[in-house]
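Just so you know, ligand 1 is whichever comes first in the structure, and atom 1 is the first atom listed for that ligand. As the structure is a computational prediction, the values presented were derived from the model and not from experiment.
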Amino acid sequence: MISADEALRIILDAVPPSRKEKVSLRNAAGRTAAEDIIAAGDIPPFRNSSMDGYAVRSSELKSASPERPVRLTVAGESSAGNPFEGHFRKGSVLRIMTGGKLPGGADAVVPVEIASKSGKHSVLFTGPALPGEFVRLPGEDIPRGQRVIAAGDLLTPYHLGVLAATGHAVARVAVRPRVCLLATGDELVRPDRTPVGGRIRNSSSYALEGLVREAGGKPRFLGIVRDRKKAIRKRVREGLESDVLLITGGVSVGAHDHVREVLGLCGVDILFWRVNIRPGSPLLFGVSGGTLVFGLPGNPVSTGVTFLQFVRPALRKILGRTILFPSQYRALIDVPIAPKEGKRCYLRGIVRQEGDLLRVKTTGSQSSGVMSSMLKANCLIVLPEGTRDLPAGASVNIEFLRDPF
Ligand code: AMP
Ligand code: MG
């Protein structure tokens, strides 16, 4: 039995380097950047107005006041995409729109709301303008040479905006790992069948498929196999063609738990079996060529928790992600918790903000068969090995179940 940290170290050490591909910007959301993006030019590229108003020389409005307004001539217009091409003479102003280019000589914009039009071609200014007011400078958003995206960043919609703004119609991203899922168990039937005679519906595979997709992997379900060595072996062979093989069930010490033996027969190098955690202690991990193989306990909660704690970091590392683990926060427990002595425990929790504090309670029964607890929960409470009984009000570490990175 090894510790959770040791298990993670072994898993992450076994991850092969990520592969890259190009995708169009439209399909890049949720992918992982495979290269740094350096801005080749300033954004915005030129001085422009942040308001609709008048481009002025602030020096010409120094004396302006409501009692002694300054009258200036409107020489023309500059709107977004249609700059003023003429000569911006002294003593004149330009009508300018948001995004319009400032002409040479102008150093401020007076919003239209505080200038009054007087006659057809002149405007009265009743106050001074500060140099630089309502002017956006070149590079104010992104200066040339700045790294705007780092390899390993998860591409969010705003990353796509930045890629477009910096002139990228395609993005270089990490190839999504192919993840095969295999469900083992004599008791399992498809969800569209009515289970009879001690059978149950296969549920873990469906949760797992969604988790794989959320984590950036490309899931492929290989189906359900009975607890027969030959049948498992056939499907494992198929699964070993992928980047990652996730097998659920059959990794514990029951009389019909054959997965470990079969993996050995298929040439999988088993790097560990059983981890000092709860739930999910029968977790198994091995490698075969470049394929990572996980044996996840079949109880739906165990499957989910071991995926989040051990498989997701591996998928993120395959993708070259900078952030492998969710952030942890401190929260106060409402009711006492008695951890399982000596093990690292992951409890399903419901966390909420109360004033300046996060408060968390468990979802109720922590049995690893209670899959609905994963629906109720919005976080995992993570109790380190050796945590003693905790009184109400004690603080614990939590990880949000839906971690955006
Ligand atoms: P095992 O890991 O094979 O010892 O299974 C542990 C428990 O999880 C048993 O109660 C199984 O019936 C259940 N189980 C195994 N695989 C699945 C699955 N794919 N969906 C739902 N329950 C499962
Ligand atoms: Mg089983």
Side-chain angles (χ1 to χ4, degrees), residues 1 7 179-215 217 219-236 238-239 242 244-266 268 270 272-286 293-312 340 343 345-346 348 363 365-377:
M1 182 96 74
V179 182
C180 278
L181 313 177
L182 177 61
T184 71
D186 284 346
E187 74 279 31
L188 302 177
V189 301
R190 286 165 29 178
D192 53 353
R193 298 285 156 85
T194 307
V196 288
R199 301 221 162 165
I200 59 166
R201 293 191 176 99
N202 168 24
S203 55
S204 297
S205 301
Y206 295 86
L208 211 47
E209 205 170 319
L211 287 166
V212 166
R213 201 168 277 122
E214 273 182 6
R220 184 158 83 89
F221 182 46
L222 298 178
I224 299 168
V225 283
R226 305 274 155 249
D227 292 312
R228 304 278 182 285
K229 289 179 200 169
K230 221 170 133 189
I232 300 172
R233 195 165 163 178
K234 196 167 148 243
R235 293 292 171 79
V236 164
E238 209 179 318
S242 61
V244 180
L245 171 58
L246 302 180
I247 305 169
T248 56
V251 280
S252 197
V253 289
H256 303 286
D257 291 339
H258 303 308
V259 167
R260 194 164 52 103
E261 187 189 334
V262 170
L263 288 176
L265 292 173
C266 291
V268 174
I270 294 171
F272 68 75
W273 173 53
R274 302 171 84 194
V275 184
N276 192 26
I277 53 173
R278 185 189 172 97
S281 66
L283 178 67
L284 174 151
F285 175 70
V293 183
F294 291 86
L296 307 179
N299 261 318
V301 173
S302 312
T303 311
V305 166
T306 49
F307 178 90
L308 292 174
Q309 296 296 319
F310 300 94
V311 184
R312 187 169 66 179
K340 181 82 182 161
K343 288 184 179 291
C345 297
Y346 309 97
R348 274 74 66 214
T363 52
S365 167
Q366 295 292 308
S367 156
S368 52
V370 181
M371 180 170 44
S372 55
S373 69
M374 293 296 269
L375 263 191
K376 283 191 205 153

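- Side-chain atoms of R348 and S373 include a donor-acceptor pair closer than 3.5 Å.
- Side-chain atoms of R278 never come within 3.5 Å of backbone atoms of Y346 as a donor-acceptor pair (strictly under, hydrogens ignored).
- Listed for the T184 side chain is a donor-acceptor partner under 3.5 Å among the backbone atoms of G249.
- Looking only at distances, a side-chain donor or acceptor of S204 sits under 3.5 Å from a matching main-chain atom of G298.
- Every residue two or more places apart in sequence or in another chain that forms a side chain to side chain contact (heavy atoms under 4.5 Å, CB included) with E187 is listed here: I200, D227.
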What does the contact table look like for ligand 1 (nitrogen or oxygen on each side, cut-off under 3.5 Å)?
from     : atom 1 : to   : atom 2 : distance (Å)
ligand 1 : 2 (O)  : G298 : N      : 2.9
ligand 1 : 3 (O)  : G250 : N      : 2.9
ligand 1 : 8 (O)  : N299 : N      : 3.1
ligand 1 : 8 (O)  : N299 : OD1    : 3.4
ligand 1 : 12 (O) : E187 : OE2    : 2.5
ligand 1 : 14 (N) : G298 : O      : 3.3
ligand 1 : 19 (N) : N202 : OD1    : 2.7
ligand 1 : 20 (N) : S203 : N      : 3.0
ligand 1 : 20 (N) : S204 : N      : 3.2
ligand 1 : 20 (N) : S204 : OG     : 3.3

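- A distance-only check finds no donor-acceptor pair linking the side chain of R201 to the backbone of D192 [under 3.5 Å].
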